Structures are given as structure tokens and as C-alpha cells.
Amino acid sequence: PHCQGGTLVVCSFQWCCSMETLQQPLEGRLLLAPSEASASDQGNWRSYHFALKGKRLYYYRSRDDKVPIKHIPVEQATSVDAFTHGTFPVPPALDGLVFTIRTPVREYHLACGNAAAVPSWVKILRDVVSSNTQETRAVENHDETLYKELRKGHDTA
């Protein structure tokens, strides 16, 4: 199933554990835009079952599948935002239902079946991006501290 000309698949999501554990509690059916959609056909949005595991958003043909088709590297994302009109062509039927995950390599456009679900997906995915940024800063600060200690030892020798 997919979206063409405004046919929508209902988006569902569920929480299955605490946000504090960052064992992300998010899964459900979303539409995924093709990587490059033309303005004339507005792309062929496909329906997949998505599951956030760790810092990756895996997608499957169905909820029962054990092996994902691919994943979106949320750990590499630079931002996650509700979609506002831009250069990417979004079918009118999906207006207000789309959010975007930006990575250095690609922008992923996903659509929920209802507007109320978009903020939940965006918030939880932003939390993943934020936790990754905090971990990166901690590593960078740790590396800087080690460098200073090593440098201090080298300068006194």
C-alpha cells in the first residue's frame, strides 16, 4: 500500500517504555516519500511499518516482518521538524501530516495518517537527536580534558 493522489494510510504509534531509558517507544505505520520526487507526480509515497530501535528508525513491509527493508540513521540526523512548505513536493492530501528527518546524506519525508500524531513522532525523534548531541559533546569534552592532561604532562617533561 502507498499514497498516490491523496490515498492515506492511518498512522498509529505506541509507547512501550520510558523516555529516560531511550529505548525509544515508537512504532507505527507511516508513509515514506521517495528520495527524489518530481513536482509533477509528487512522488510515490509508500507505506511501511516503522520501529525506532536505539537510534535508528527501521522500516518493514509489515509489522510482522523480522528483517527490516532499511533504516533511517536518526543518530546522524541534524534536525527533525514538522514539514513546512518548501522545495519538496508534498501532495495536498498530506498537508499538515508530514515531518522531515534531515541527515548529512538525505532528507527523509514521512507522513502520518493524522495531524495529531506528527508532534509525538517529532518530539521523540528530536529527543534521540538531542541525546546524541549531548553524548557527542561529552565525548568531545572528555577528549579535550585528556588532551590537556597529556599536553600538560608533555610540557613539563
Side-chain angles (χ1 to χ4, degrees), residues 1-37 41-143:
H2 56 277
C3 171
Q4 245 183 351
T7 304
L8 296 179
V9 175
V10 174
C11 165
S12 63
F13 58 94
Q14 36 185 305
W15 281 267
C16 58
C17 60
S18 163
M19 274 307 294
E20 284 76 38
T21 63
L22 282 180
Q23 304 288 322
Q24 285 73 20
L26 194 61
E27 67 175 88
R29 202 117 189 104
L30 296 173
L31 297 175
L32 175 64
S35 57
E36 293 183 26
D41 68 6
Q42 296 189 353
N44 187 15
W45 294 60
R46 298 206 175 265
S47 177
Y48 297 105
H49 181 81
F50 284 82
L52 186 61
K53 297 178 181 180
K55 296 183 179 188
R56 293 186 176 178
L57 186 59
Y58 292 90
Y59 52 102
Y60 306 80
R61 291 197 198 289
S62 79
R63 185 171 199 223
D64 297 328
D65 287 353
K66 302 295 182 214
V67 178
I69 296 169
K70 288 186 180 180
H71 73 275
I72 297 173
V74 180
E75 76 275 10
Q76 296 175 9
T78 56
S79 67
V80 178
D81 297 295
F83 182 80
T84 54
H85 296 284
T87 58
F88 191 84
V90 173
L94 297 179
D95 192 32
L97 304 176
V98 178
F99 63 93
T100 303
I101 301 171
R102 287 177 190 80
T103 70
V105 176
R106 178 180 168 192
E107 285 188 359
Y108 297 87
H109 302 283
L110 299 111
C112 292
N114 65 66
V118 173
S120 298
W121 282 90
V122 169
K123 182 193 179 320
I124 292 173
L125 293 169
R126 279 183 178 169
D127 287 346
V128 173
V129 172
S130 175
S131 73
N132 194 51
T133 302
Q134 291 170 0
E135 288 173 13
T136 301
R137 281 192 205 124
V139 168
E140 288 170 352
N141 289 340
H142 179 72
D143 288 348

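Any value given below was found using the heavy atoms of this structure, including those in side chains, with hydrogens, waters and symmetry copies removed. None of the values given here were measured: they were computed from a predicted structure.
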Going by the rule salt bridge (charged side-chain N to carboxylate O under 4.0 Å, His left out), which residues pair with Asp81 if we only count those two or more places apart in sequence or in a different chain?
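Counting only residues at least two positions away or on another chain, Asp81 forms a salt bridge (charged side-chain N to carboxylate O under 4.0 Å, His left out) with Arg102, Arg126.
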Provide the closest heavy-atom pair for [X] versus [Y] in the form atom of the first, atom of the second, distance.
X: Val118; Y: Gly96; result: CG2-O, 3.9 Å
X: Leu97; Y: Ala115; result: CD2-N, 3.2 Å
X: Ala82; Y: Val122; result: N-CG2, 4.0 Å
X: Pro91; Y: Trp45; result: CD-NE1, 3.5 Å
X: Val98; Y: Ala111; result: CG2-CB, 4.0 Å

Tell me, please, which residues at least two apart from Asp65 pass side-chain contact (heavy atoms from CB on, under 4.5 Å).
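Once residues adjacent in sequence are excluded, the partners of Asp65 under the side-chain contact (heavy atoms from CB on, under 4.5 Å) criterion are Tyr60, Arg61, Ser62.
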Interatomic distance, [X] atom [atom1] to [Y] atom [atom2] [nearest 0.5 angstrom]:
X: Leu57; Y: Tyr108; atom1: CG; atom2: OH; answer: 10.0 Å
X: His109; Y: Leu94; atom1: NE2; atom2: CG; answer: 12.0 Å
X: Glu75; Y: Thr103; atom1: CD; atom2: OG1; answer: 9.5 Å
X: Arg46; Y: Leu31; atom1: CZ; atom2: CG; answer: 11.0 Å
X: Lys70; Y: Leu32; atom1: NZ; atom2: CG; answer: 9.5 Å

Give the intermediate values and the outcome of ring-ring contact (aromatic ring centres under 6.0 Å, His included) for residues Tyr59 and His71.
CA-CA 6 Å; Tyr59 52 102; His71 73 275; 8.5 Å; no
Determine whether [X] and [Y] make a side-chain contact, defined as any pair of heavy atoms from C-beta on separated by less than 4.5 Å.
X: Val90; Y: Phe83; value: yes
X: Val128; Y: Leu52; value: yes
X: Arg56; Y: Val74; value: no
X: Leu125; Y: Phe99; value: yes
X: Tyr58; Y: Ile69; value: no
X: Phe50; Y: Leu26; value: no
X: Ile124; Y: Val80; value: no

Between Ser47 and Arg29, does a side chain to side chain donor-acceptor pair (under 3.5 Å) hold up when you go through it step by step?
CA-CA 7 Å; Ser47 177; Arg29 202 117 189 104; 3.1 Å; yes
Using the salt bridge (Lys or Arg N to Asp or Glu O under 4.0 Å) rule, take Arg63 and Glu27 through it: C-alpha gap first, then chi angles, then the decisive distance, then the call.
CA-CA 9 Å; Arg63 185 171 199 223; Glu27 67 175 88; 2.8 Å; yes
Evaluate the side-chain contact (heavy atoms from CB on, under 4.5 Å) criterion for residues Leu30 and Cys112: first the C-alpha distance (whole Å), next the side-chain angles of each, then the deciding distance (0.1 Å), finally the verdict.
CA-CA 5 Å; Leu30 296 173; Cys112 292; 3.5 Å; yes
